[in-house]
There are 2 protein chains.
Amino acid sequence: MNHDYICPVEATLEIVGGKYKPLILWHLSGKTLRFGQLQKLLSSATPKMLTKQLRELENDGLIARKVYPVVPPKVEYSLTPLGTSFIPILSSICDWGNNYLKANNICPNCSMTEQK
Amino acid sequence: MNHDYICPVEATLEIVGGKYKPLILWHLSGKTLRFGQLQKLLSSATPKMLTKQLRELENDGLIARKVYPVVPPKVEYSLTPLGTSFIPILSSICDWGNNYLKANNICPNCSMTEQK
DNA sequence: CTGGATCCAAATAGATACTG
DNA sequence: CAGTATCTATTTGGATCCAG
């Protein structure tokens, strides 16, 4: 299969631009989290949406999914090296966004506000 | 109006994540372009879509729109300082995307491939 | 030349219920 | 616990035509 003539910026935005994806990567930075833990952190995400975003990130090679064959089920998600390599960019986007919001007198406040 | 509790990363992606928006900013980097010139550069964008993206970027303060009161109409678009401040991030996203595509044996090729 | 207006197709996201 | 399945609601994007 040939994918010539793809714009690198558009490709990147397709990979990390999905709803909840930046948040997922941010929360997984340095940690390993279970499905339920992610769901609590992204309280507004339905299981269906969260699963979809996780599968796509996994297929794009940014996160790893480890299934433990136990009852009840246990699944752990973590960043791959590729996923980790994107965190600095997320960080600079976060900085830019904070400046933008501050300039517009909007108070930024979310779990991504802390620095990594 | 109060916009508390907005995530800076999500805010940023809303601002620059729209279709054609990264491309528009990239093309305007250091240049001033007319509507028709942008349309040629973004050949797949319909006038309606291009107008919509430009208006949103203008409302978010990333680009400036200058109308010359002549016949036929002449409108020029350029980056504001805020828009210019986003170019380095676009640049690092571009780098990351190129590495990603290369790692997957996909040949990147678009008007954003050149470095700024 | 620079769009606006309208209509329509497709993609995306949410609510809810259910299961190994 | 970690998801699926189904059905809708909403958003987004494209096609086409029109106008100052």
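Throughout, a chain's letter reflects where its sequence line sits, starting with A, and its residues are numbered from 1.
B/Val67 and B/Leu79 fall within a single hydrophobic cluster, where Ile, Leu, Val, Met, Phe, Trp and Tyr are joined by side-chain heavy atoms under 4.5 Å apart, directly or via other members.
Regarding B/Lys19, its NZ atom lies at a distance of 10 Å from the C1' atom of C/dA11, rounded to whole Å. Here the P atom of nucleotide D/dG14 and the CD atom of B/Gln39 are 13 Å apart, to the nearest Å. The distance from atom NZ of A/Lys52 to atom C1' of D/dA2 is 18 Å, rounded to the nearest whole Å. In this structure, NZ of B/Lys40 is placed 16 Å from C1' of C/dG3, rounded to the nearest angstrom. Taking atom CG on A/Leu33 and atom P on D/dG3, their separation rounds to 13 Å, with Å as the unit. One atom, CG of B/Leu42, and another, P of C/dT2, lie 14 Å apart when rounded to the nearest Å. Protein atom CD of B/Glu56 is 13 Å distant from nucleotide atom P of D/dT11, rounded to whole Å. Distance B/Tyr77 OH to C/dC1 P: 15 Å, rounded to the nearest Å.
Scanning all heavy atoms of the two residues, the minimum distance from A/Lys21 to A/Ile15 falls at CD-O, 3.2 Å.
With the nearest nucleotide of DNA chain C identified for both A/Met49 and A/Pro73, A/Met49 has the one nearer the 5' end. Place A/Leu54 and B/Gln53 on DNA chain D by their nearest nucleotides, and A/Leu54 ends up nearer the 5' end.
The side chain of A/Arg55 has D/dG3 as its nearest neighbour among D/dG14, D/dG3, C/dG3. Comparing C/dG14, C/dC1, D/dG14 by their closest approach to the side chain of B/Pro72 singles out C/dC1. The side chain of A/Phe35 lies closest to D/dA2 when the candidates are C/dA13, D/dA15, D/dA2. In the set C/dC1, D/dA2, C/dA13, the nucleotide with an atom closest to the side chain of A/Arg65 is D/dA2. Each of D/dA5, D/dG3, C/dG4 was ranked by its minimum atom distance to the side chain of B/Thr51; first place goes to C/dG4.
At a cut-off of 3.5 angstrom, the base of C/dG14 holds at least one donor-acceptor pair with the side chain of A/Lys48.
Side-chain contact between A/Leu50 and A/Ile24 is present, with heavy atoms from C-beta onward closer than 4.5 Å. A/Phe35 is not listed as a side-chain neighbour of A/Leu38, based on a closest heavy-atom distance of 4.5 Å or more. For the pair A/Pro73/A/Tyr68, no side-chain contact is recorded, criterion being any heavy-atom separation below 4.5 Å from C-beta on.
Between A/Arg34 and D/dA2, a side-chain N or O to OP1/OP2 separation shorter than 4.0 Å is present.
B/Tyr20 comes within contact range of the sugar-phosphate backbone alone, with a heavy-atom separation under 4.0 Å but no base atom that close.
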